[in-house]
Every structure is written in structure tokens, then in C-alpha cells.
Number of protein chains: 2
Amino acid sequence: MMGETKPKTRTKTALTGATRKGVETRNRIIKGAREALEQGGMEALTTRRIAASAGVKLATLHYYFDSKESLLLAVLEDLIADMEVTYRQDVALPEAPEDRVEALIRASWRYIQRTRNKQISQTELTLYALRTKGSEWLAARQYNAYIDFYGHLVFVDDRDEDLRRIGRAVARQMLIGIDGIILQSYALQDLSASNDDIEALITAMRGYLRRLLVERDKAR
Amino acid sequence: MMGETKPKTRTKTALTGATRKGVETRNRIIKGAREALEQGGMEALTTRRIAASAGVKLATLHYYFDSKESLLLAVLEDLIADMEVTYRQDVALPEAPEDRVEALIRASWRYIQRTRNKQISQTELTLYALRTKGSEWLAARQYNAYIDFYGHLVFVDDRDEDLRRIGRAVARQMLIGIDGIILQSYALQDLSASNDDIEALITAMRGYLRRLLVERDKAR
DNA sequence: GTCTATAAAATGATAGAC
DNA sequence: GTCTATCATTTTATAGAC
């Protein structure tokens, strides 16, 4: 959030005064872009399609965004902000950290199964950011947002420096597993194999967390 | 390899007699597409750029491929075939299966670190296949090729049905971890964190393999 | 089998009226 | 702030000479 290299192509509303209606329209365009992306994928994502999907004329789109690139990066930013408010609510939270890890993986897996195009879109956008020079920081922010989120769910109280570190390590590992299974489950389309993989992932993550906690206790 | 639904848009050389020179040119175009993709990403991958990168005129490209889509799918097929011959050679093979798993993960991690654009390209193409109706089978084949490959390296002798099953389960899990770490390591750019993640992945995979073997022995 | 030339459509972006 | 109209390229793809 601090010290980031902001992209050269910033949106016009960031410069002007940002009217009420202006903000609404801008959000509608971003929303339209997300829907067009989910439906048709990156290859078919043109400014015209986005404008149509947002119920706005092409020129209006360009009034709010200097370029297609700046719009796509704004979409990714929106996705990040969205995650931070959406996910934070509806995850059941058992008491023990290990159980929370398990619950979190199961919840993610259910979500992945019913949001195929959304997940693919998100990966496409991440790759787009990694490909777009000067925008790699956005991909980093996306991952850090997820790591923060997962990390806080493992250890709600993060005043303990050690626990915070451990929570983030487990979060990174969970995220690796989830990203990996997104690609593989959509590609293989073998539900029973993916279910086995989820169980294996849960076992591994519980073990990893346990191990990190034991190591910490030893080091005292 | 058998019983797959072939894409409607097949290449012209598959229909005609396939001259020596013709096959060479076709391969050069595919190679050119791979290089153009690695350098500029999907967004910038136009038929003109591919033709230029292959040292061929645009019309020649269209002589060999009905459409851009059929070319891209051919590129993914080529990537799969390439993996099967390239990887199979230069992986050091310790004796114990657990050690082989570890060696394989370490080798993959080294490779990932020095082939960023290649890995991103491959993921972009996989997503493209998942997005392209009627071509999901290609993504499945890609993953099955990797699973076969990793699986055979875990248990070289696969006449034992149980061992083959276990090898494939471990392979799927390794692939999940590797795919996940590809995205995360490029996004976060935090080498020490990624190194920790690799060690955790190794520990988890050794544990998973051990557990599957114990379960098998119990079931006798 | 490879080329030159060109068609036909699509795309990102802008000018200027309202 | 949103629109109509249009520009300037670019893109995929084809026709036809060699």
C-alpha cells in the first residue's frame, strides 16, 4: 500500500473531482469488464464488448479510462478490493487453528467448483499484470491481499509476531495449493481425483502448521 | 492419445501429403509462435508477429493453418510433445522414491526460476485451451502428460497397479504445488519466501508418499 | 509451397455536439 | 458526463502470380 510505483496510465477520475454519478459509471464499466471477461475470456475482451456489457457507449469508456490497459488494471484492483470485503464474511470459524485451516480449504474448494469462469478470469488478469511492464506490483498486491486474508484467519490475534509469521507461511502454502488445484481441476475434470487432492492438501497443511508451532516452541 | 475428440479446425498439412519442406516450415511457424508468445504474451500475439518471428510471410502461415486458433492449439500440442522428450532425459535419479520426489521438485524449481516467460506462456496457453470450446481435452492431455511423466519418475517400474496409482496421486499433488508456486513466486518476487515454500512442499510430498505406501501395506 | 497484394472487418482512440 | 460520428491502424484471412 505504501511505496508502490503507481502506473503511468492512471485513470482520469483520479485526476478530476470525481462526481457521484461519475464514480457510479466508472464502477459500472469495471463491472461490465469483469462480466465480459468471465464470459468470453481475455482473447475476446475488446473495449467495445466491455462498453456494451456495461451499457455504455465506447466514448464514455474512454472518458473514464485513458486506455484499455489502465481499465484492465483497474479491474484487477477492483477484484482485489472485492475479495477483501466478500470473503471476510461468510467463512465459518472453528476454534483450533488447524481446524480453521481445514475449514478454509474446504470453503475455497466449494467456491472454486461453482465459479470456474471467475477463477480463470482472475488468473488471466494476474498473468496480464505479470506481462505488463510496470504493473507487476499489482500481481504482488493481489497475492499479498490473499495471504493477509488467509493468515488472519489462521491466527485471528496477530499481536504475537511469531504467530503472524507462521500464519503467513501457512497462508502462502495454502494459496499455492489452491491456485494449483484451480488449474488442475478445470483441466482434468476428474472430480474424484480432485477430491483426493483436497484431502491430501488438508492433511499437508495441518501437518505444516503443527510443525511450525513445534519448531517455535523448541526455539524458546 | 486414443479416443480424443479432435478439433474441427485441423491443419491443412494433416489433410495433404506433408512434404519434407512443408513439415519443416510448419514446425518453424510453431517455433516462431512459441518465441513470440514468450516475448510478448498472449495480448500481443498476432499472426503477423508470429509470421515475422518465424521468418515467413503472413500468407504462408495461413497456408499451413486455417486459423489463428488452430495454430495456437498446435503450439500447445507441440509444447506437450516437447516436454515428453525434453524432461525425460536430464533428471538425476536417486534410488529411494522419496528422494526421487525431492530431486524432482528441486529440479523443477531451478527450471522455473530461469524460465519465467516460458512458464507464463504455458499457463496462458492452458487457459486459452480451457476457454476455447471443444479444446478442453488439450488442457487435459497436457496435465496427463505431466502426471504420466512425474508418476513414472516416482516409481520407474509401473507393473504394480498399486504403485502406479500411488505414483500418479503423488504426481498430481506435486504438479499442483509446482503450478501454484509458479504463479506465486513470479507475483511476490520474494525468493526467500519461495525457498521456504519449496522446502515445505518437499516435506509434504515425502510425507504424502510415505503415507500412501503405509496405507497400501495395511490393506494387505 | 511461398510470395505480393488486398480485401473485409475489427480495434483502440479521439473530436466535437449536446 | 454521455453521446454520435469518425479516424487511423491493425488484424485475420484470401486471391492469385510465380
Side-chain angles (χ1 to χ4, degrees), chain A residues 7-33 36-37 39-75 128 131-132 135, chain B residues 7-33 36-37 39-75 128 131-132 135:
Chain A
K8 273 164 279 179
T9 47
R10 49 170 60 197
T11 61
K12 280 172 183 168
T13 44
L15 301 171
T16 62
T19 320
R20 262 180 309 285
K21 182 158 59 155
V23 175
E24 272 172 34
T25 308
R26 188 176 185 275
N27 285 336
R28 197 142 45 86
I29 293 170
I30 290 176
K31 191 80 179 297
L37 177 57
Q39 283 196 335
M42 265 288 188
E43 182 88 349
L45 191 68
T46 67
T47 50
R48 275 181 164 77
R49 244 181 278 273
I50 293 171
S53 167
V56 155
K57 294 299 171 183
L58 183 57
T60 305
L61 184 154
H62 274 104
Y63 174 79
Y64 286 98
F65 299 95
D66 286 334
S67 63
K68 184 185 175 182
E69 176 182 322
S70 72
L71 168 54
L72 290 188
L73 297 178
V75 169
Y128 177 80
R131 282 291 200 188
T132 305
S135 301
Chain B
K8 272 165 280 180
T9 46
R10 47 172 59 196
T11 61
K12 282 171 183 168
T13 45
L15 300 171
T16 61
T19 322
R20 261 180 310 285
K21 183 159 58 157
V23 175
E24 273 172 34
T25 307
R26 187 176 185 275
N27 286 336
R28 198 143 44 85
I29 293 171
I30 290 177
K31 191 82 180 295
L37 177 57
Q39 283 194 336
M42 265 288 188
E43 183 87 350
L45 191 68
T46 65
T47 49
R48 272 182 162 78
R49 244 181 277 274
I50 293 172
S53 166
V56 156
K57 294 298 171 184
L58 184 57
T60 304
L61 183 152
H62 275 104
Y63 174 79
Y64 286 98
F65 299 94
D66 286 333
S67 63
K68 184 184 175 184
E69 177 182 322
S70 73
L71 168 53
L72 291 188
L73 297 179
V75 169
Y128 177 80
R131 283 291 199 189
T132 305
S135 300

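Letters go in sequence order (proteins before strands), and every chain restarts at 1. What you see is a predicted model; the values in this text were computed from it and never measured.
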Asks: Taking only N/O atoms, report every protein-nucleotides 15-18 of chain C pair under 3.5 Å with atom names and distance.
Replies:
none

Asks: For a quick check of understanding: with a heavy-atom distance under 4.0 Å over all strands, which category does A:K68 fall into, base, sugar-phosphate or nothing?
Replies: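 Sugar-phosphate, no base atom in range.
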
Asks: Which heavy atom of A:S67 sits nearest a heavy atom of A:S70, and at what distance?
Replies: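 Smallest interatomic distance, heavy atoms only, reads O-OG, 3.0 Å.
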
Asks: Taking all atoms of both residues into account, what is the closest heavy-atom pair of A:S135 and A:L73, and its distance?
Replies: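 Looks like OG-CD1, 3.2 Å.
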
Asks: Between D:dG1 and A:R26, is there an OP1 or OP2 to side-chain N/O distance shorter than 4.0 Å?
Replies: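 Answer is no, no contact under 4.0 Å.
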
Asks: Please compare B:T47 and A:R28 by the position of their nearest nucleotide in DNA chain D and report the one closer to 5'.
Replies: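 It is A:R28 whose nearest nucleotide is closer to the 5' end.
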
Asks: Would you mind reading off the distance between B:K57 atom NZ and D:dT11 atom C1', rounded to a whole angstrom?
Replies: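 Answer to the nearest Å: 17 Å.
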
Asks: So, does B:T25 use its side chain to make a donor-acceptor pair with the main chain of B:K21 at under 3.5 Å?
Replies: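 Looks like yes, one N/O pair under 3.5 Å.
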
Asks: Could you tell me the separation between the CZ atom of B:F65 and the C1' atom of C:dG1, rounded to a whole number of Å?
Replies: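 These atoms are roughly 14 Å apart.
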
Asks: Between atom CG in A:L61 and atom C1' in D:dT4, what is the gap in whole Å?
Replies: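 Interatomic distance, CG of A:L61 to C1' of D:dT4: 16 Å.
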
Asks: Say whether, by atom type as modelled, one donor and one acceptor occur between the side chain of B:K68 and the main chain of B:L45 under 3.5 angstrom.
Replies: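 Checking the backbone N and O of B:L45 against the side chain of B:K68, a donor-acceptor pair under 3.5 Å is found.
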
Asks: Output the rounded distance in Å from NE2 (A:H62) to C1' (C:dA13).
Replies: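 So the two atoms are 5 Å apart, to the nearest Å.
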
Asks: Output yes when at least one side-chain N/O atom of B:Y63 is less than 4.0 Å from OP1 or OP2 of C:dT2, else no.
Replies: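 Answer is no, no contact under 4.0 Å.
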
Asks: Measure across A:L61 and A:I29 and return the closest heavy-atom pair with its distance rounded to 0.1 Å.
Replies: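 Where A:L61 meets A:I29 most closely, the heavy atoms are CA-CD1, 3.9 Å.
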
Asks: Choosing from C:dA13, C:dC3, D:dT2, which nucleotide comes nearest the side chain of B:V56?
Replies: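 It is C:dC3.
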
Asks: For A:I50 and C:dA13, give me the distance from atom CD1 to atom C1', rounded to whole Å.
Replies: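 About 14 Å, once rounded to whole Å.
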
Asks: Within the distance-only criterion (no hydrogens, no angle test), does the side chain of B:R49 pair as donor or acceptor with the backbone N or O of B:A36 below 3.5 angstrom?
Replies: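 Not a single qualifying donor-acceptor pair exists.
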
Asks: Roughly how many Å is it from CG in A:L58 to C1' in D:dT6, rounded to a whole number?
Replies: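 Checked: the CG to C1' distance equals 11 Å.
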
Asks: Between A:T60 and D:dG1, does any side-chain N or O lie under 4.0 Å from OP1 or OP2?
Replies: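 The answer is no; no side-chain N or O of A:T60 sits under 4.0 Å from OP1 or OP2.
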
Asks: Could you state the atom-to-atom distance from CZ of A:R48 to P of C:dA9 in whole Å?
Replies: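 So the two atoms are 14 Å apart, to the nearest Å.
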
Asks: How many whole angstroms separate atom CD1 of B:I29 from atom C1' of C:dG1?
Replies: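 Between C1' of C:dG1 and CD1 of B:I29: 11 Å.
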
Asks: Given D:dT2, C:dC3, C:dG12, identify the nucleotide with an atom nearest to the side chain of A:T46.
Replies: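 Of the options given, the side chain of A:T46 lies nearest C:dG12.
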
Asks: Using the rule given for side-chain contact (heavy atoms from CB on, under 4.5 Å), can you reason through B:M42 versus A:Y128, listing the C-alpha separation, both sets of side-chain angles and the distance that settles it, and then say yes or no?
Replies: CA-CA 8 Å; B:M42 265 288 188; A:Y128 177 80; over 6 Å; no

Asks: Looking only at the side chain of B:K21 (C-beta and beyond, no hydrogens), which of the listed nucleotides C:dG12, D:dG1, C:dG1 gets closest?
Replies: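 Nucleotide nearest to B:K21's side chain: C:dG1.
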
Asks: According to a strict under-4.0 Å criterion, is B:R49 in side-chain N/O contact with OP1 or OP2 of D:dT11?
Replies: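 Yes, B:R49 has a side-chain N/O under 4.0 Å of OP1/OP2 on D:dT11.
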
